[in-house]
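One structure below.
Just so it is clear, the model here is predicted, and its values are computed rather than measured.
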2 protein chains.
Amino acid sequence: MNGKNNPEWHRNFRQRGMRITEPRKAILEVLNNTTEHLSAEEIYMSVHRTYPNVGLTTVYRNLELLEEMGIIAKFHFGDGRSRYELIHSPQKPGHHHHLICTGCKQIIDYDDFVEEEIELLTKVEQALSAAHNFQITGHTIQFYGICHACRGNL
Amino acid sequence: MNGKNNPEWHRNFRQRGMRITEPRKAILEVLNNTTEHLSAEEIYMSVHRTYPNVGLTTVYRNLELLEEMGIIAKFHFGDGRSRYELIHSPQKPGHHHHLICTGCKQIIDYDDFVEEEIELLTKVEQALSAAHNFQITGHTIQFYGICHACRGNL
DNA sequence: TCCTTAATGAAAATGATTTTCATTAACAAT
DNA sequence: ATTGTTAATGAAAATCATTTTCATTAAGGA
Ligand SMILES: [Mn+2]
Ligand SMILES: [Mn+2]
Ligand SMILES: [Zn+2]
Ligand SMILES: [Zn+2]
């Protein structure tokens, strides 16, 4: 729960001429303390408990900003809303990918084989950069399937 | 341009008790003749030229259906609308992945290293299935970056 | 040709995200 | 500590993709 006072964020913010506000600290705090992949509205509701006067609009605005700054990642898991995750968080494995249950929509972080995946990705990235004259900045890997519980309910 | 009369689709449709209609043939025809990843509205506009009385709602409904049938794939590339692609098309490489320019939003199909990617994915899928008791049915791999043209405009 | 009902199209509804605009508050300068 | 500048905010309205509703049409088996 020291997330909101992380000096690196402060530095990052101030460098850009951005101010450190209550809503911003609150949003980072929420993301810092969850293992989930929250939507804007979920983050809003969570922030709202402690700061009832923070608006949903502000949450959206700051999520966009934090993504641009490379502090959070935005995902589309196919349920029609964007979901966000702190890139460096005590609650998460390091670099990981996602397993999505198309039944119950749960999202599982995994890092099995991530080293090997990264190794191949690095190779592919180099090849693609050369072949398509394209500078790669990131990737998304997601597996879709049915979790154990959902398989039971068929 | 024989897409719309593909006997396999016909069989597929009839098996499900589904009727073969003009809008359906038109949508498949459009997807069969493009190398792009069209949105529902883009497909609608294209269909509209030949069949001005086909509505956008019908396009949405049939895209959903075709996806369930495994005939087309639906993607989220981050521009706020879903995009669709025929899974087997004369206009496309076989199994491929995507390279997305965050500048101009263009999408490049690639199949360099796809065999190796698939090989690793298969391995990862098996491990994940076992470790998380999860039955994997599909995956998404996307690379994000900046294309040559967009790099020039910085 | 007739009948059943799957499929359609127009319009309205929904739901996530963005825009507008008047007000507030962060923080650098005093 | 006080003040001034302007980045940031919140409420409400607007936007935009997608879905729902419902009356009408037409595929295709009988
Ligand atoms: Mn995650
Ligand atoms: Mn493609
Ligand atoms: Zn599940
Ligand atoms: Zn580009």
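If you measure from atom CG of Leu63(B) to atom P of dA7(C), you get 15 Å, rounded to the nearest angstrom. We find that NE2 of His48(B) is positioned 10 Å from P of dG9(C), with the value rounded to whole Å. Atom-to-atom, CE of Met69(A) to C1' of dA7(D) comes out at 14 Å; the value is rounded to the nearest Å. One atom, CG of Asp79(A), and another, P of dG15(C), lie 14 Å apart when rounded to the nearest Å. Look at CZ on Phe13(A): it is 10 Å from P on dC27(C), rounded to the nearest Å. With rounding to whole Å, Glu42(A) atom CD is found 15 Å from dG15(C) atom P. Residue Leu65(B) contributes atom CG, which lies 13 Å from atom C1' of dT8(C) at whole-angstrom precision. Regarding Glu64(A), its CD atom lies at a distance of 14 Å from the C1' atom of dA8(D), rounded to whole Å.
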Let me see the working for Leu28(A) and Ile71(A) under side chain to side chain contact (heavy atoms under 4.5 Å, CB included), right down to the final yes or no. CA-CA 9 Å; Leu28(A) 286 170; Ile71(A) 292 175; 4.1 Å; yes

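You'll find a donor-acceptor pair under 3.5 Å spanning the side chain of Thr57(A) and the base of dA12(D), going by distance alone. Interface remark: the Arg19(A) side chain does form a donor-acceptor pair with the dA7(D) base, using a distance-only criterion of under 3.5 Å.
Using a 4.0 Å cut-off, no side-chain N or O of Arg61(B) falls inside it from OP1 or OP2 of dA6(C). Distances shown here put a side-chain N or O of Asn62(A) below 4.0 Å from the OP1 or OP2 atom of dT9(D). Taking 4.0 angstrom as the limit, Arg16(A) places none of its side-chain polar atoms (N or O) nearer than this to OP1 or OP2 of dA7(D). Taking side-chain N and O atoms only, Thr21(A) has a distance below 4.0 Å to OP1 or OP2 of dT9(D). A sub-4.0 Å separation between OP1 or OP2 of dT18(C) and a side-chain N or O of Tyr60(A) is absent.
Ring centroid separation for the pair Phe77(B) and His98(B) comes in under the 6.0 Å cut-off. No close placement of the Tyr144(A) and His139(B) rings is indicated, their centers lying 6.0 Å or farther apart.
Sequence order on DNA chain C of the closest nucleotides to Glu22(A) and His76(A) puts His76(A) first from the 5' end. When the nearest nucleotides of DNA chain D are assigned to Arg14(B) and Val54(A) by heavy-atom distance, the more 5′-ward of the two goes with Val54(A).
Under 4.0 Å is where a charged nitrogen must lie from a carboxylate oxygen, and between Glu64(A) and Lys74(A) no such pair does. Salt-bridge formation is not detected for the pair Arg81(A)/Glu41(A): no Lys NZ or Arg NE/NH1/NH2 atom is positioned less than 4.0 Å from an Asp or Glu carboxylate oxygen.
Across all strands, Ser39(A) comes closer than 4.0 Å to no nucleic acid atom at all (heavy-atom distances).
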